[in-house]
Number of protein chains: 2
Amino acid sequence: MGKCDQCIVREFSALKALNKDELVKLADCKTSYTVKKGDIIFEEGDTLDGIFCIKDGVCKLTKLSSNGKDQIVKLVTKGELLGQRSLISEEPANLGAVALEDMQVCFVPKSQVMEFFNVNNKFSLNMMKNVCHDLKEADNVLVNLAQKSVKERLAATLLYLHDAFGINEDESLKIQLSRDEISSIIGTATESCIRLLSDFNKNGWIELNGKKIILKDKKELRKLAE
Amino acid sequence: MGKCDQCIVREFSALKALNKDELVKLADCKTSYTVKKGDIIFEEGDTLDGIFCIKDGVCKLTKLSSNGKDQIVKLVTKGELLGQRSLISEEPANLGAVALEDMQVCFVPKSQVMEFFNVNNKFSLNMMKNVCHDLKEADNVLVNLAQKSVKERLAATLLYLHDAFGINEDESLKIQLSRDEISSIIGTATESCIRLLSDFNKNGWIELNGKKIILKDKKELRKLAE
DNA sequence: TTTAAAATATGATATTTGTCATCCTTTAGT
DNA sequence: ACTAAAGGATGACAAATATCATATTTTAAA
């Protein structure tokens, strides 16, 4: 089993507040495992008895709407934690988590998280700040969904994917999403999304090559996204 | 100056965790004041050096979109706190707060809130739970904005206003919003909102009388809102 | 490798929603 | 009470977006 004190991604989450002793405890109780692309980490409504620390890979947090379509609420990547809200609220998960790539994940049982809560104030504060940050982001996404057109949201989303996940040597976006998934982020019909991507392509703002997307004119995209 | 230990609304917020001594401290440092309908409590981008406890009245939390329109992100009413996220994140306010009715508000300086944070674990946990609840709600609103039609959102909003703020003796919704404000909740053009309200009226689902709105067929509205 | 299924693409069309113009009604200030 | 300004209502039309059909390409399984 890996030692948590040598895990780099710890530095990016609330866990960075833990001291050496606490890290040993963490390493003792955690379960480390791999998740294949497409696998479900947890489902909406599941009772979580712990949190997940993402060591590598990206997953989507989704919620099923009453119209039968899934909405992607957030993408979560290495260094971030999953399931904190559910744990703190003592409620079932409000969102489901599905791997977008092969992932490495550690599961930390609730009892241990709660102990850290009680003995390490910095840890609590970090966790609280994370939730606050998520809230701010959710509010911002909410406003964009309410006030911006699909075209604007697509441009904004492409830029977000670029900035948050980076690009390959060939300049294509590192994170590969299906058209359906992109639609599910911007909240539109798949066909509308495909059509707009084609338009962006024809206008020279992006370049499409199968699932690969290259942002050719970020300035124009930024203007569009406002 | 009012004594906080006799304030009923305290029971509805994180402040319920405070003990007698802490309540005396709170009463000593707080500022109590009234806010007139339409008045700004704080603006987006303001640096808040404290939190607001709503003793009476309702306000809206809004964010200005780049298209120049305001989006109402949340309605906040008596017993709830304002500015917690900003305080915890140590960031300027992400949303602005404007009174929808005459209000009574208490301001509690940051230093005092932070002291409670350090000495009263229950208080911190309550606050954390509040933020988590807000996050869950924001995610749910986000999904509805992305996946539901304007008609569905209007029906859902009317039911929400009914359930959250209650009705008068004449059965009309207690909270009075302008058509513009309702539009700003559901994220649509004012004219579209007015038109749909007229439709709902003609269908007998609601009854319009000036600013008064009576829900006549909640079952049908619920079916619409899904 | 072959083949079925899934994903992507595109046209045609319907529906939803926004915009602009105009008129009516209510509200607030003198 | 009068009047200007704001809010509300409605028609006509334009634009955005969804839906349905179908063709093509890619992917994954036998």
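Side-chain atoms are counted along with the backbone in the values below, which use heavy atoms only and exclude waters and symmetry mates.
Between R179(A) and the phosphate of dA9(C), there is a side-chain N or O to OP1/OP2 separation shorter than 4.0 Å. The side chain of K211(A) places an N or O atom within less than 4.0 Å of a non-bridging phosphate oxygen (OP1 or OP2) of dT8(C). For the pair K69(A) and dT19(D), the criterion of a side-chain N or O lying under 4.0 Å from OP1 or OP2 is met. Checking the phosphate oxygens (OP1, OP2) of dA18(D), a side-chain nitrogen or oxygen of S192(A) falls inside 4.0 Å.
As judged by a 4.0 angstrom heavy-atom cut-off over every strand, S149(A) is placed among residues touching the sugar-phosphate backbone only. T190(B) comes within contact range of no nucleotide atom at all, as no heavy-atom separation falls under 4.0 Å.
Look at CG on D199(B): it is 10 Å from P on dG11(D), rounded to the nearest Å. The distance between atom CG of D180(B) and atom P of dG8(D), rounded to the nearest whole Å, is 8 Å. Remark: C1' of dA9(D) and CG of L197(B) are 11 Å apart, rounded to the nearest angstrom.
K63(A) places a side-chain heavy atom less than 4.5 Å from the side chain of N94(A).
Salt bridge status for E137(B) with K74(B): absent, with no side-chain N to carboxylate O gap under 4.0 Å. In summary, E91(B) and K136(A) engage in a salt bridge, as defined by a charged side-chain N under 4.0 Å from a carboxylate O.
Nucleotides of DNA chain C nearest to L177(A) and A146(A) differ in position, and the one nearer the 5' end is that of L177(A).
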